[in-house]
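Worksheet: one structure, shown below.
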There are 2 protein chains.
Amino acid sequence: MFELDVRSRVPIYEQLFEKIKELIIKGLLKEHEQLPSVRALSNDLTINPNTIQKAYRELENQGYIYSIPGKGSFVAPLKDRDINKEKIEKILEEVKKLMLEGLYLGMDREDFIKVLEDAIKIKEVR
Amino acid sequence: MFELDVRSRVPIYEQLFEKIKELIIKGLLKEHEQLPSVRALSNDLTINPNTIQKAYRELENQGYIYSIPGKGSFVAPLKDRDINKEKIEKILEEVKKLMLEGLYLGMDREDFIKVLEDAIKIKEVR
DNA sequence: ATAACTGTACTAAACGAAATAATACAGATA
DNA sequence: TATCTGTATTATTTCGTTTAGTACAGTTAT
């Protein structure tokens with residue numbers, strides 16, 4: 001279900017966090033849809049349960065999923081999520097930094113417009 | 001000269017690498033301009049010389065600076081730099097991911113257009 | 001020439017985050 | 001009742017980061 005690089009500099013739990021977050025953002029995981037259990041995913045990925053749980057805990061902390069002991073973990077509805085200015089500010093800052101680097105490397109306005117349209121299109125679909 | 005967070009999850013040498021790269025990209029450090037020496041920066045930042053050197057080595061590996069033993073380290077001219085497709089692909093991918101996340105959090109097309117214009121403006125100035 | 005600067009290299013040790021391993025407890029479910 | 005679920009805790013291992021200490025060679029100014 002997920003492709004993780006255990007040799008990466010990026011911690012496994014963080015890779016998993018990002019992958020799941022991405023699926024939720026892209027709408028490939030619907031609201032209230034159940035995620036694989038900690039142990040099931042641990043078996044699938046051959047990764048320690050604690051590591052899986054750490055990713056899930058982080059997803060829950062940031063409002064992407066909710067967990068019910070005894071039942072499972074589920075995708076949180078959007079309205080429950082912590083949408084704050086700081087998060088958006090961070091995204092804007094990061095995008096700007098990447099754009100500067102891209103422009104520096106020879107990319108132009110149109111290149112970024114294209115990606116933007118692309119992202120918008122992906123969002124529309126879901 | 002630089003503000004680094006020694007408690008950050010991001011390694012110091014990487015923070016330093018990013019800061020200097022940013023100054024070069026923004027044109028605040030001109031071509032062939034001399035960087036602070038490894039030892040001077042080590043004193044300023046109260047950080048081990050080896051850590052500074054690691055950042056400089058990485059900057060040199062990626063073509064942002066060049067070093068002359070006995071003389072110092074200098075900003076590399078743009079044409080000498082390693083501008084490859086992979087780097088641009090990575091930027092595009094990362095920007096797209098951030099845009100998707102932003103759109104998901106309620107941002108819209110115009111928000112990103114603004115950042116783009118902003119980045120272009122910064123580039124023009126240099 | 002000499003002192004003080006530059007980059008670079010190397011080894012050893014300390015530190016800390018990440019990951020694993022092994023249990024355990026409580027709630028839900030078939 | 002057996003088996004699933006999330007959650008918690010402790011100990012241990014592993015590995016990248018950082019520090020410390022030392023050294024060598026080239027450059028520069030006094």
Side-chain angles (χ1 to χ4, degrees), chain A residues 1-21 24 29 31-76 80, chain B residues 1-21 24 29 31-76 80:
Chain A
M1 187 172 187
F2 300 103
E3 292 170 15
L4 303 179
D5 180 7
V6 294
R7 276 170 279 111
S8 167
R9 196 183 54 99
V10 181
I12 299 175
Y13 79 89
E14 194 171 322
Q15 292 181 52
L16 188 55
F17 170 85
E18 287 296 333
K19 293 278 188 189
I20 296 179
K21 189 174 104 176
I24 293 175
L29 287 175
E31 299 190 352
H32 303 294
E33 184 171 343
Q34 184 163 11
L35 296 171
S37 78
V38 171
R39 288 175 183 79
L41 202 48
S42 170
N43 279 332
D44 275 15
L45 305 178
T46 335
I47 284 168
N48 194 280
N50 293 335
T51 305
I52 310 290
Q53 198 204 341
K54 190 167 183 180
Y56 276 23
R57 191 192 306 139
E58 195 56 24
L59 284 164
E60 186 164 20
N61 286 341
Q62 296 198 24
Y64 289 100
I65 70 174
Y66 62 94
S67 297
I68 304 177
K71 295 200 69 174
S73 300
F74 310 86
V75 178
D80 289 1
Chain B
M1 187 170 187
F2 301 103
E3 292 171 16
L4 303 178
D5 181 8
V6 294
R7 275 170 279 112
S8 168
R9 196 183 51 99
V10 181
I12 299 176
Y13 78 89
E14 194 171 322
Q15 292 181 51
L16 189 55
F17 170 84
E18 287 296 334
K19 293 279 186 187
I20 296 178
K21 188 175 106 177
I24 294 175
L29 287 175
E31 297 190 352
H32 303 294
E33 185 172 342
Q34 184 163 12
L35 297 172
S37 79
V38 170
R39 290 173 182 82
L41 202 48
S42 171
N43 280 331
D44 275 15
L45 305 177
T46 336
I47 284 167
N48 195 281
N50 294 333
T51 305
I52 310 290
Q53 198 205 339
K54 191 167 184 181
Y56 277 22
R57 192 192 306 139
E58 194 57 23
L59 283 165
E60 186 164 20
N61 285 340
Q62 295 199 24
Y64 289 99
I65 70 174
Y66 62 95
S67 297
I68 305 177
K71 296 200 68 174
S73 299
F74 309 85
V75 177
D80 287 2

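Throughout, a chain's letter reflects where its sequence line sits, starting with A, and its residues are numbered from 1.
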With rounding to the nearest 0.5 Å, note down the distance linking [atom1] in [X] to [atom2] in [Y].
X	Y	atom1	atom2	result
I52(B)	L45(B)	CD1	CG	5.0 Å
F2(B)	D44(B)	CZ	CG	9.5 Å
Q15(B)	I20(B)	CD	CD1	12.0 Å

Measure the distance from CG on N61(A) to P on dT7(D) and round it to the nearest whole Å. 10 Å
Which pairs would a plain distance check flag for residues 67-74 of chain A, meaning a side-chain donor or acceptor within less than 3.5 Å of a matching protein atom at least two apart in sequence or in another chain?
residue, atom, partner, partner atom, Å
S67(A), OG, S73(A), OG, 3.0

Covered region of DNA chain C, 5' end to 3' end, by chain B [heavy atoms, under 4.0 Å]: dT6(C) to dC10(C)
In 5'-to-3' order, the base (B), backbone-only (S) or no-contact (-) status of each nucleotide in nucleotides 17-30 of chain D, using a 4.0 angstrom heavy-atom cut-off, is SSBBB-B--BSS--
Filter on salt bridge (Lys or Arg N to Asp or Glu O under 4.0 Å), then keep only pairs touching residues 4-14 of chain B, sequence neighbours left out; what's left?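 Those involving residues 4-14 of chain B are R9(A)-E14(B), E14(A)-R9(B).
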Angle of first-five versus last-five pair axes in the helix from dA1(C)-dT30(D) to dA30(C)-dT1(D), to 10 degrees: 20°
Pairs satisfying side-chain hydrogen bond (donor to acceptor under 3.5 Å, both in side chains), at least one member in residues 50-59 of chain A, at least two apart: N48(A)-N50(A), E58(A)-Q62(A)
Where L16(B) and L4(B) come nearest, the two heavy atoms and their spacing: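 In this case the closest contact between L16(B) and L4(B) is N-CD2, 4.0 Å.
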Answer whether the closest heavy-atom distance between the side chains of I24(A) and I65(A) falls below 4.5 Å.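 The answer is yes, as the side chains (C-beta and beyond) meet within the 4.5 Å cut-off.
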